[in-house]
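Each ligand, and each atom within it, is numbered from 1 in the order the structure gives. Since the structure is predicted, the reported quantities are computational estimates derived from the model, not experimental observations. Nothing fancy with the numbering, it's 1 onward along the sequence.
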Amino acid sequence: MALLRIAVQSKGRLYDETMALLSESDIKLSAVKRTLLVASRNFPVELLMMRDDDIPECVSSGISHLGIVGLNEVLEKNKDVRIIKHLGFSKCRLSIAVPKRGAIKEIADLNGKKIATSYPNILNKWLSENSISAEVHVITGSVEIAPGIGIADAIFDIVSSGSTLVSNNLEELCTVMQSEAVLIAGNDNLDVELNEVLDELLFRFDAVKCADDKKYILMNVPRERLDLVISHLPGIKSPTVLPLADSEWCSVHTVVSEKHFWEIIGKIRDAGAEGILVLDIEKMVL
Ligand code: ATP
Ligand code: MG
C-alpha cells in the first residue's frame, strides 16, 4: 500500500507537539528517532525527519506529500505549497523590536535604519507595504544580540513570552505577523488511495483538536435548581441529566469549551451545583 509521506521537524520547537498530535491521532511510529524516514506501524504514513527550513521546499518539489511547519517558514520560503490546516500549536508572533528608550519610537523612525533578521522576505514585504526604506541585514540565530553589539538598529524576530527581548534590553515596536504550526501540501493532486489516507488523517486531527479545548464536566444539582443550572450550560446539544439515589438531587453531564470554562463554573456554582468534576476529553467526533 502506498504511504502518505509527511515532512516533520526532526528536533526543535515543533517536534514534541507534532509527535503528540500524531500519537493522539493513534498513529504509532515504528522506530527510533534520528532515522530519516520513520514508518507508522498501524497507519499508512511515513515521516520524513528534517530541519524546518527545508520542509516547504521538500513539499513543493514533491519529495514529501505533506509537511508540518510554522506558518512563518511557509511565508518566508514562499514555495508553491498550499496550507490545508492550521494546527493550533507552536503559536508565536514575529515582531520588530528596538532598544529600550532609544531613538526608534514609531515605525516611521525605521527609515534609513538597519534591521537584523532571519526572515528577510517577510520583513521586506512588510517594509514595502508600509513604505519604509530600511536596510535588511540577514543573520541566522541569536538575532536579539545584534543591536547590543552594534550591527543593527533593530531586529525582526520570533517573540513568544518576550523574556528574550527583556534580557537584551529590547522592546517590541510592532507585531508583523502571528504564526502557528500548519499542515501543508504540494500543488499536485494525490492519487485516490493517498487522498483517502489524507481524509482520514484530517478527520483524526479534527477529532483531536476539537477535544483539545473542551472539558467534560459532571456535577450534582438539586432538582429544584436544575432549570437554572441548565440555563448556564452551552453543551454540544443538551446536557445529560441522570437521577441520583437521593431523589431531590440529580447528576448533570455536559461538555464546555475551555475558553468559557471559568465563567460557566462560577455561574453554575452560584446557581446551586455541587461536587463539580472536570475531565479532559481525549477525542471528540461531532
Ligand atoms: P531547525 O533546526 O529545524 O531549523 P529552528 O532553530 O529553525 O529549527 P525552532 O526554534 O525549533 O527552529 O522553531 C521552529 C518553529 O517553532 C519556528 O519557526 C516557529 O514557527 C515556532 N517557534 C519558535 N519559537 C517559538 C516559541 N518561543 N514559542 C512558540 N513557537 C515557537
Ligand atoms: Mg530552522
Okay, side chain of Ser40, backbone of Lys28: is any donor-acceptor separation there less than 3.5 Å? yes

How far apart are the closest heavy atoms of Met219 and Ile268, and which atoms are they? SD-CD1, 3.5 Å

Can you pull out every salt bridge (Lys or Arg N to Asp or Glu O under 4.0 Å) where at least one residue sits in residues 179-191? Sequence neighbours excluded, please. none

Please identify which atoms of ligand 1 are closer than 4.0 Å to at least one heavy atom of Ser90. 29 (C), 30 (N)

Quick check: does any side chain N or O of Ser95 sit under 3.5 Å from a backbone N or O of Ala97, one acting as donor and the other as acceptor? no

Nearest protein heavy-atom contact for atom 13 (O) of ligand 1: which residue, which atom, what distance? Arg13 CB, 3.6 Å

In the protein, N/O/S atoms that are found under 2.8 Å from the Mg ion (ligand 2), waters not counted: Asp52 OD1, Asp53 OD1

Under 4.0 Å from atom 6 (O) of ligand 1, can you find at least one protein heavy atom? no

Below 3.5 Å, N or O to N or O, backbone or side chain included: is there any such pair between Asp52 and ligand 1? yes

For Leu123, run the side-chain contact (heavy atoms from CB on, under 4.5 Å) check against Leu94, Asp157, Ile96, Val138 and tell me which one passes. Ile96

Contacts of type ring pair (Phe, Tyr, Trp, His ring centres under 6.0 Å), residue Phe203, not counting sequence neighbours: none

Give me the residue, atom name and distance of the protein heavy atom closest to atom 29 (C) of ligand 1. Lys91 O, 3.2 Å

Tell me which protein heavy atom sits closest to atom 27 (N) of ligand 1, plus the residue, atom name and distance to 0.1 Å. Ser160 OG, 2.8 Å

List every atom of ligand 1 that sits less than 4.0 Å from any heavy atom of Gln9, numbering the atoms from 1 in the order shown and giving each element. 1 (P), 3 (O), 8 (O), 9 (P), 11 (O), 12 (O), 14 (C)

Please write down residue, atom name and distance for the protein heavy atom closest to atom 2 (O) of ligand 1. Arg51 NE, 3.4 Å

With heavy atoms of Gly70 as the reference, note each atom of ligand 1 found under 4.0 Å away. 20 (O)

Arg5 and Ile63: which non-hydrogen atoms are nearest, and at how many Å? NH1-O, 3.1 Å

Closest heavy-atom contact between Lys113 and Asp109? CG-O, 3.4 Å

Output all residues satisfying ring pair (Phe, Tyr, Trp, His ring centres under 6.0 Å) with His86, sequence neighbours left out; order by chain, then residue number. none

Between Thr18 and Asp16, a side-chain donor and acceptor under 3.5 Å: no

Proximal atoms of ligand 1 relative to Gly12 (non-hydrogen, under 4.0 Å): 11 (O)

Provide the closest heavy-atom pair for Val74 versus Ile184 in the form atom of the first, atom of the second, distance. CG2-CG2, 3.9 Å

Selected option - heavy-atom contact closest to atom 20 (O) of ligand 1, from Asp53, Asn72, Leu14: Asn72

